[in-house]
Amino acid sequence: MEIEVDLLTKEQAKAELQRLVPALAAADIAYHQKDSPEISDAEYDALKRRYLAIEARFPDLKHEDSPSQKVGAPVASGFSKVKHAVAMMSLGNAFDDEDVFEFDDRIRKFLNIPAGKSLSYTAEPKIDGLSLSLRYESGRLVQAATRGDGETGENVTENALTVRDIPKEISGAPEVLEVRGEVYMSHDDFAQLNVDQLANEDKLFANPRNAAAGSLRQLDSGITKTRALHFFAYAWGELSAPLATTQAAAIDHLTEFGFSTNPLTKTCVNTGELLEHFRDIEAKRALLGYDIDGVVYKVNDLGLQERLGYRTNTPRWAIAHKFPAEMASTVIEDIEIQVGRTGALSPVARLKPVTVGGVVVSNATLHNEDYIAGRDSNGQPIREGRDIRIGDWVTVYRAGDVIPKVKDVDISRRAKDSKPYEFPKKCPECGSDAIREEGEAVSRCTGGLICPAQAVEKLKHFVSRTAFNIEGLGAKQVETFYADGWVQEPADIFTLPVRYGDGSLQQLKNREGWGAKSAEKLFSAIKERQNIPLNRLIFGLGIRHVGESSAMTLARHYGSWPNFSSAMENARDHSGADWDALNAIDGVGAVMAAALVDYFHQEQTRAALDRLVQHLRIETVRPPSVEGSKVVGKTIVFTGTLEKVTRAEAKAKAESLGAKVSGSVSAKTDIVVAGPGAGSKRKKAEELGVEVLSEDEWISLIA
DNA sequence: GAGCCTCGAGTTCC
DNA sequence: CTCGAGGCTC
């Protein structure tokens with residue numbers, strides 16, 4: 001008899017994983033390579049489910065060749081997936097000097113460093129290539145992974161081994177060292193490559209970055225080897241021992257290990273020096289021989305970096321100062337309206353194709369009605385109030401070097417008979433009224449699920465990578481399946497194999513792009529996702545105002561589906577204990593609470609939900625298991641003046657240890673941390689018998 | 001009630 | 001990546 005996963009001790013879990021990994025591997029080989037399964041699908045599924053459940057509960061026991069790392073993928077992308085031990089984050093951006101000053105101010109505020117006191121940074125060119133994480137164990141390169149979405153990348157080890165700048169072995173480094181940097185191609189090598197491509201009648205690369213990315217992601221590492229790729233190291237991920245105490249010294253160590261590091265890396269003692277170095281690099285830009293798109297600034301002291309920590313997607317201690325974007329002129333040929341999953345009507349400009357920053361751009365977002373009219377949401381003029389019309393000549397650029405945007409309109413070239421663009425009052429997809437609520441910027445189609453555009457977009461969201469992530473069922477497939485009447489709502493996805501059985505396999509096979517293999521894969525992917533973590537389910541429903549992050553908050557708070565759904569039902573009148581509890585969750589306000597509760601209460605959405613959940617086994621979610629933390633789940637109130645750290649820092653730290661930080665003392669408060677000057681809150685805490693700690697006591701508690 | 005910060009939703013191109 | 005809106009802090 002198996003023990004419930006939830007009741008396993010860590011030792012038991014470890015032993016069981018050791019048993020499950022080879023069993024699953026053997027079954028995999030038997031199934032895929034010998035084509036003769038040795039265990040039934042049901043048995044295999046049960047093993048795998050148990051494996052994943054154990055792994056989910058004890059993430060640090062994750063086995064190197066865990067089956068969870070092999071789910072789907074290999075055939076679709078050709079590369080296996082790699083979960084980064086330390087996430088590869090993106091950077092915040094600065095577009096002008098003012099943004100750089102604000103960056104410095106923010107950091108000083110957070111760390112409580114007065115303006116007079118020196119705070120040094122490193123500054124280095126931001127290479128326009130693709131980031132790569134190299135893992136060294138005992139000095140040997142064991143794995144190279146692309147950034148991917150930051151959490152999970154692709155395993156490109158074979159290809160990385162062919163890049164000359166990447167050492168295969170290093171000495172003097174910590175036992176485990178993940179080196180991060182940028183793979184890029186020089187202008188000369190890029191030009192030569194395109195000459196060769198032309199000679200071989202292969203397609204040309206648009207720019208060096210695409211060429212580098214294309215070269216590194218070759219399935220045949222023999223091809224990668226012929227491409228002149230280079231690598232600059234500038235950061236690190238997992239480390240078994242610290243490299244240094246400052247960013248600059250750590251980079252020096254990377255150089256000593258044998259990595260190329262950028263020669264224009266400089267330590268600056270203030271923002272003035274940062275900007276000076278920025279202009280210096282900008283002046284040298286054209287002579288470097290490789291593409292850069294800005295300069296990266298990082299707080300030099302690694303201890304301070306650690307204190308600053310991370311926001312959801314970016315570190316607080318670094319920023320990318322971008323060069324001004326390249327501009328181009330073109331004509332707006334048409335303005336079309338797209339309908340999103342929430343019914344939002346978004347205008348998109350169809351442009352006469354034009355090259356901007358090495359890429360041909362033919363569409364640009366126009367955001368909303370006001371943006372076209374030349375106003376921002378406060379009615380303030382943008383583009384000096386010039387509106388955008390079909391037929392206008394406009395300047396476009398790629399915001400952050402990615403998203404095309406319309407910068408300005410050339411009124412002098414406007415046709416005499418041109419008329420202002422009239423924003424539609426009806427949904428172009430279903431003809432329902434489009435309503436713009438008072439005080440809102442977007443118009444929304446009122447058709448709900450009657451509107452095919454909304455229905456399809458909701459389905460796309462449901463299957464998307466961050467929601468149900470059903471391999472083999474992407475946006476394209478959802479569109480055809482919807483058009484064919486196969487899938488109208490999420491529940492239909494799970495009845496697909498049942499309703500059509502082998503017949504649907506036959507139908508799928510007859511479709512273009514579908515073979516027996518991919519059809520089987522799709523059905524097994526669907527089956528696999530009948531086990532779904534609560535947070536992914538909540539997010540996948542696509543309830544307005546409930547995104548990935550809020551879904552996680554809710555899942556952690558309620559833990560299980562029965563808990564969550566009954567609370568939503570009980571709160572249906574927007575009152576009562578469950579309603580109050582919902583509103584009391586940190587990050588949930590009245591708007592989100594109403595959206596959630598109404599979703600469960602409204603007949604249509606509720607019925608679709610009931611149809612869906614009967615196919616699912618919803619996995620419980622627990623708050624982050626913060627090993628050794630003594631404050632998990634505790635509610636902390638900080639009051640008075642904190643002397644060692646700032647308020648923001650204390651809050652971030654407490655939350656990272658699984659505590660909830662609140663502003664006022666109540667019976668639910670567990671600990672009040674009181675600095676000098678604490679008054680009424682301290683008194684109230686004492687009255688309520690809540691534990692009161694000094695700042696020093698708090699620090700030793702969490703040490 | 002204003003002002004910050006974070007998140008959600010929508011978007012492009014390879 | 002950007003903008004707008006929601007949530008929280010001051």
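Just so we're on the same page: letters track the sequence lines, and every chain starts at 1. Heavy atoms only: backbone and side chains are in, while hydrogens, waters and symmetry mates are out.
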Run the salt-bridge test on A/D370 and A/R436 with the 4.0 Å N-O cut-off and return the result as yes or no.
-> yes
A/K460/A/E457 salt bridge by N-O under 4.0 Å criterion =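 Salt bridge: yes.
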Under 4.0 Å from OP1 or OP2 of [N]: is there any side-chain N or O of [X] that close?
X: A/Q338; N: B/dG10; value: no
X: A/R341; N: B/dA9; value: yes
X: A/T365; N: B/dG10; value: no
X: A/S362; N: B/dC13; value: yes
X: A/T342; N: B/dG8; value: no
X: A/K405; N: C/dC3; value: yes
X: A/S550; N: B/dG8; value: yes

Could you check A/V361 against A/G340 and say which one's nearest nucleotide on DNA chain B is further toward the 5' end?
->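 Between the two, 5'-proximity favours A/G340.
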Nearest-nucleotide wise, let me know which of A/E548 and A/P404 is further upstream toward the 5' end of DNA chain B.
->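 Result of the comparison: A/E548.
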For residues A/R350 and A/S362, is any side-chain donor paired with an opposing acceptor at under 3.5 Å?
->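 Judged by distance alone, the side chains do not pair up.
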Would you say the side chains of A/H187 and A/Y290 form a donor-acceptor pair under 3.5 Å?
->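 Not at all, the side chains of A/H187 and A/Y290 share no donor-acceptor pair under 3.5 Å.
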Nearest to the side chain of [X], which nucleotide is it out of [options]?
X: A/S549; options: C/dG4, B/dG8, B/dA9; answer: B/dG8
X: A/N210; options: C/dC8, B/dC14, B/dG8; answer: B/dC14
X: A/H545; options: B/dT11, B/dT6, C/dG6; answer: C/dG6
X: A/R544; options: B/dC13, B/dT11, B/dA9; answer: B/dA9
X: A/N363; options: C/dA5, B/dG10, B/dC13; answer: B/dC13

Spacing between [X] atom [atom1] and [N] atom [atom2], to the nearest angstrom:
X: A/F539; N: B/dG8; atom1: CZ; atom2: P; result: 8 Å
X: A/N368; N: B/dG10; atom1: CG; atom2: P; result: 13 Å
X: A/I372; N: C/dT2; atom1: CD1; atom2: P; result: 19 Å
X: A/K322; N: C/dC1; atom1: NZ; atom2: P; result: 6 Å
X: A/R436; N: C/dG4; atom1: CZ; atom2: P; result: 10 Å
X: A/M592; N: C/dG7; atom1: CE; atom2: P; result: 5 Å
X: A/L91; N: C/dC1; atom1: CG; atom2: P; result: 9 Å
X: A/F190; N: B/dC14; atom1: CZ; atom2: P; result: 13 Å

Contact class for A/V348 vs. all strands (heavy atom < 4.0 Å): base, sugar-phosphate, or nothing?
-> sugar-phosphate
Just call it for A/A213: base, sugar-phosphate, or nothing, with non-hydrogen atoms closer than 4.0 Å on any strand.
->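 The answer is nothing, as A/A213 stays clear of every strand by at least 4.0 Å.
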Mind checking whether A/H574 and A/W579 have parallel, tilted or perpendicular rings, split at 30° and 60°?
-> parallel
Determine whether the aromatic ring centres of A/F564 and A/F600 lie less than 6.0 Å apart.
->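 Ring centroids of A/F564 and A/F600 are less than 6.0 Å from each other.
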